Asks: 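Sharing a structure, written as structure tokens. Questions coming.
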2 protein chains.
Amino acid sequence: MTTLGYAILGLLSREDLSGYDLKQRMAGRVGYFWSARHSQIYPELARLEDGGYVTHSVVEQRERPDKKVYEITARGLDDLKEWVTRPPVPRPTRDELTLKAYSVWLADREEATRLFREEELRHEEQLAHYEGLRTWMEGEWREDLTSTNSPEFASYATLRRGISYEREYAGWCRWMADSIEGRGPTRVGKE
Amino acid sequence: MTTLGYAILGLLSREDLSGYDLKQRMAGRVGYFWSARHSQIYPELARLEDGGYVTHSVVEQRERPDKKVYEITARGLDDLKEWVTRPPVPRPTRDELTLKAYSVWLADREEATRLFREEELRHEEQLAHYEGLRTWMEGEWREDLTSTNSPEFASYATLRRGISYEREYAGWCRWMADSIEGRGPTRVGKE
DNA sequence: GTATCATATGTCAGGATTGACATAAAGGAT
DNA sequence: ATCCTTTATGTCAATCCTGACATATGATAC
């Protein structure tokens, strides 16, 4: 079973979805840290059905084309549960911007500053978006977030990761831009 | 030109290296955020030489097999410089542990706690290792780090990213483990 | 009427990456 | 003598993933 397979099962464990629905959720991010195109999703659904992890039923619609709605099986749910706590095999982190930083000493000062300022902005914007979601979740899901065995807690947990990830990334970009610009890093709090 | 190609050029811009040397440096990490196996490096070197980005000369050794030492060309260096400040096409972040967190509500409490504690430890250890390197760099390279157009600054910059990345990741894992364990997150400073 | 858009499902060629397989030279250990 | 390790260079099959191609329905816009 591939990681993508588990990503799909993770979504189907919460609600029944069509391939198109899955695509919508995975185009952005599943819990913000996995993504896939529909060209990968449809074949994977077929494999999952082959393996008995999901089943589908055709739903006829009046105002749209028919769709196949997928449902997770008992077997699929068992496999998903087992996978969740299995230690992931560490995979190398690949980050092109950080790789660029390794050769930044060769670059034009101004262009390099612009690059890291732009990236800082990108991550600040993503962070602001996530913070909005967080406020909404903390208001709407106050009760659900007290128990860690609710899907709401799990969604909130991945969002927390998104927030700390974007904050960290934006902070490093700011430090880079400040350093290259020559102003010396701006201190915001300690470190 | 592939990103791997630029990773190799980034190393060759600092010193001439053989395929084997490159493998050693990329097995760990190039500046900690790119990696490759030798099965990818050797063909890529051939492509780079084909494109005129590098040249090689055979160096005979007495106590070891002969080796091909690669050198970056003027063309290669120009291309590398241009690439450094070109905005990277945003690629989706894929993180299996965070994906697991999205389905953690299905998991056994104890097993999930153990998982995130283990991962916390892994990242703490990596962080400690990086902090050691940082102390060494700040002592050894005090002067070089004042100018951002030195390779030492670039190495230091990627290390900074490694440090903040690991600290962020470890912190999130701790929050996860604490939350699932039921002790409620341990506050360390604010946030 | 026709063009475009959102819904809906698929295939396929090609590139990136991994893990296994393969060879060879020299040193050190048993 | 034989085995193991390090250095050194390569190939190849399989997998993951992207981007392009392909088709169909019904709604809305012009």
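Not measured: the values here are computed from a predicted model. Numbers restart at 1 for each chain; the letters A, B, ... are given by sequence-line order, proteins then strands.
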Asks: Taking the inter-plane angle between the rings of A/W141 and A/W136 on a 0 to 90° scale, is it parallel (under 30°), tilted (30 to 60°) or perpendicular (over 60°)?
Replies: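 Perpendicular, since the angle between the ring planes exceeds 60°.
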Asks: Kindly state whether the ring of B/W172 and the ring of B/F116 have centres lying under 6.0 angstrom apart.
Replies: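 Between B/F116 and B/W172, which both carry aromatic rings, the centre distance is below 6.0 Å.
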Asks: Check this for me: does the side-chain of B/S39 come within 3.5 Å of the base of D/dG10 through a donor and an acceptor?
Replies: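 For B/S39, whose side chain was compared with the base of D/dG10, there is no donor-acceptor pair (under 3.5 Å).
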Asks: Provide, to the nearest angstrom, the distance between the NZ atom belonging to A/K23 and the C1' atom belonging to C/dT9.
Replies: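 A/K23 atom NZ is separated from C/dT9 atom C1' by 10 Å.
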Asks: Can you tell me if A/R64 touches the phosphate of C/dA6, counting only side-chain N or O atoms and a distance under 4.0 Å to OP1 or OP2?
Replies: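 So the side chain of A/R64 is outside the cut-off, no N or O lying under 4.0 Å from OP1 or OP2 of C/dA6.
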Asks: Does a side-chain N or O from A/Y20 land closer than 4.0 Å to OP1 or OP2 of C/dT9, or not?
Replies: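 So the side chain of A/Y20 is outside the cut-off, no N or O lying under 4.0 Å from OP1 or OP2 of C/dT9.
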Asks: Atom CG of B/L17 and atom P of D/dA8: how far apart are they, to the nearest Å?
Replies: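 Nearest whole value for this atom pair: 11 Å.
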Asks: Using modelled atom types only, decide if a donor and an acceptor are shared between the side chain of B/K100 and the backbone of A/W83 within a distance under 3.5 Å.
Replies: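 Yes.
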Asks: For B/H38 and C/dT17, what is the distance between atoms NE2 and C1' respectively, to the nearest whole Å?
Replies: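 Whole-Å distance recorded here is 13 Å.
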Asks: May I ask you to evaluate whether A/R91 reaches the phosphate of C/dT17, defined as a side-chain N or O under 4.0 Å from OP1 or OP2?
Replies: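 The answer is no; no side-chain N or O of A/R91 sits under 4.0 Å from OP1 or OP2.
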Asks: Among D/dT9, C/dG10, C/dT18, which nucleotide has an atom closest to any side-chain atom of A/P92?
Replies: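 For A/P92, the side-chain atoms sit closest to C/dT18.
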Asks: Need to verify one output field. Residue with the more 5' nearest nucleotide on DNA chain D, B/Q61 or A/R37?
Replies: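 It is B/Q61 whose nearest nucleotide is closer to the 5' end.
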Asks: Please determine whether a side-chain nitrogen or oxygen atom of A/Q24 lies at a distance below 4.0 Å from atom OP1 or OP2 of C/dA6.
Replies: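 Indeed not, no polar side-chain atom of A/Q24 lies that close.
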Asks: Between A/R94 and C/dT18, does any side-chain N or O lie under 4.0 Å from OP1 or OP2?
Replies: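 Yes, such a contact exists.
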Asks: Does A/Y42 place a side-chain N or O at less than 4.0 Å from the phosphate oxygens OP1/OP2 of C/dT9?
Replies: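 For A/Y42, the contact criterion (side-chain N or O under 4.0 Å from OP1 or OP2 of C/dT9) is met.
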Asks: Can you tell me the distance, in whole Å, between the CZ atom of A/R62 and the P atom of C/dT7?
Replies: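 Rounded to whole Å, this separation is 19 Å.
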Asks: For the pair made of CD in B/E63 and C1' in D/dT5, what is the distance, rounded to whole Å?
Replies: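 That distance rounds to 16 Å.
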Asks: Can you tell which of D/dT9, D/dA20, C/dA8 lies closest to the side chain of A/K67?
Replies: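 Between D/dT9, D/dA20, C/dA8, the one nearest the side chain of A/K67 would be C/dA8.
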Asks: I want to confirm an ordering. Mapping A/G19 and B/L4 to their closest nucleotides on DNA chain C, which one lands closer to the 5' end?
Replies: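 The residue whose closest nucleotide sits nearer the 5' end is A/G19.
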Asks: Using the side-chain heavy atoms of B/T2, tell me which of these nucleotides is nearest: C/dA26, D/dC17, C/dA16.
Replies: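 Between C/dA26, D/dC17, C/dA16, the one nearest the side chain of B/T2 would be C/dA16.
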Asks: Once you round it to whole Å, what is the distance between P of D/dT25 and CD of A/E60?
Replies: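 So the two atoms are 14 Å apart, to the nearest Å.
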Asks: Between B/P65 and B/Y70, name the one whose nearest nucleotide on DNA chain D is closer to the 5' end.
Replies: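 Nearest-nucleotide comparison on DNA chain D picks B/P65.
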Asks: Salt bridge between B/E181 and B/R109, side-chain N to carboxylate O under 4.0 Å?
Replies: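 Looking at B/R109 together with B/E181, the answer is no, because their closest N to O distance does not fall below 4.0 Å.
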Asks: Does the cation-pi check pass for A/R161 over A/F33, that is, NZ or CZ under 6.0 Å from the six-membered ring centre and within 45° of its axis?
Replies: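 So A/R161 does make the cation-pi contact.
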Asks: Whether A/K68 contacts C/dG10 is assessed here as follows: a side-chain N or O lying under 4.0 Å from the phosphate OP1 or OP2. Is that the case?
Replies: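 Looking at the OP1 and OP2 atoms of C/dG10, one of them is under 4.0 Å from a side-chain N or O of A/K68.
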Asks: Can you tell me the distance, in whole Å, between the NE2 atom of B/H56 and the C1' atom of D/dG10?
Replies: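 B/H56 atom NE2 is separated from D/dG10 atom C1' by 13 Å.
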Asks: Check whether any side-chain nitrogen or oxygen of A/Q40 sits under 4.0 Å from OP1 or OP2 of D/dT18, and answer yes or no.
Replies: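 Yes.
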Asks: How many Å lie between CG on A/D21 and P on C/dA6, as a whole number?
Replies: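 That distance rounds to 16 Å.
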Asks: Does A/D178 pair with A/R117 as a salt bridge, N-O distance under 4.0 Å?
Replies: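 Between A/R117 and A/D178 there is a salt bridge, with a charged N closer than 4.0 Å to a carboxylate O.
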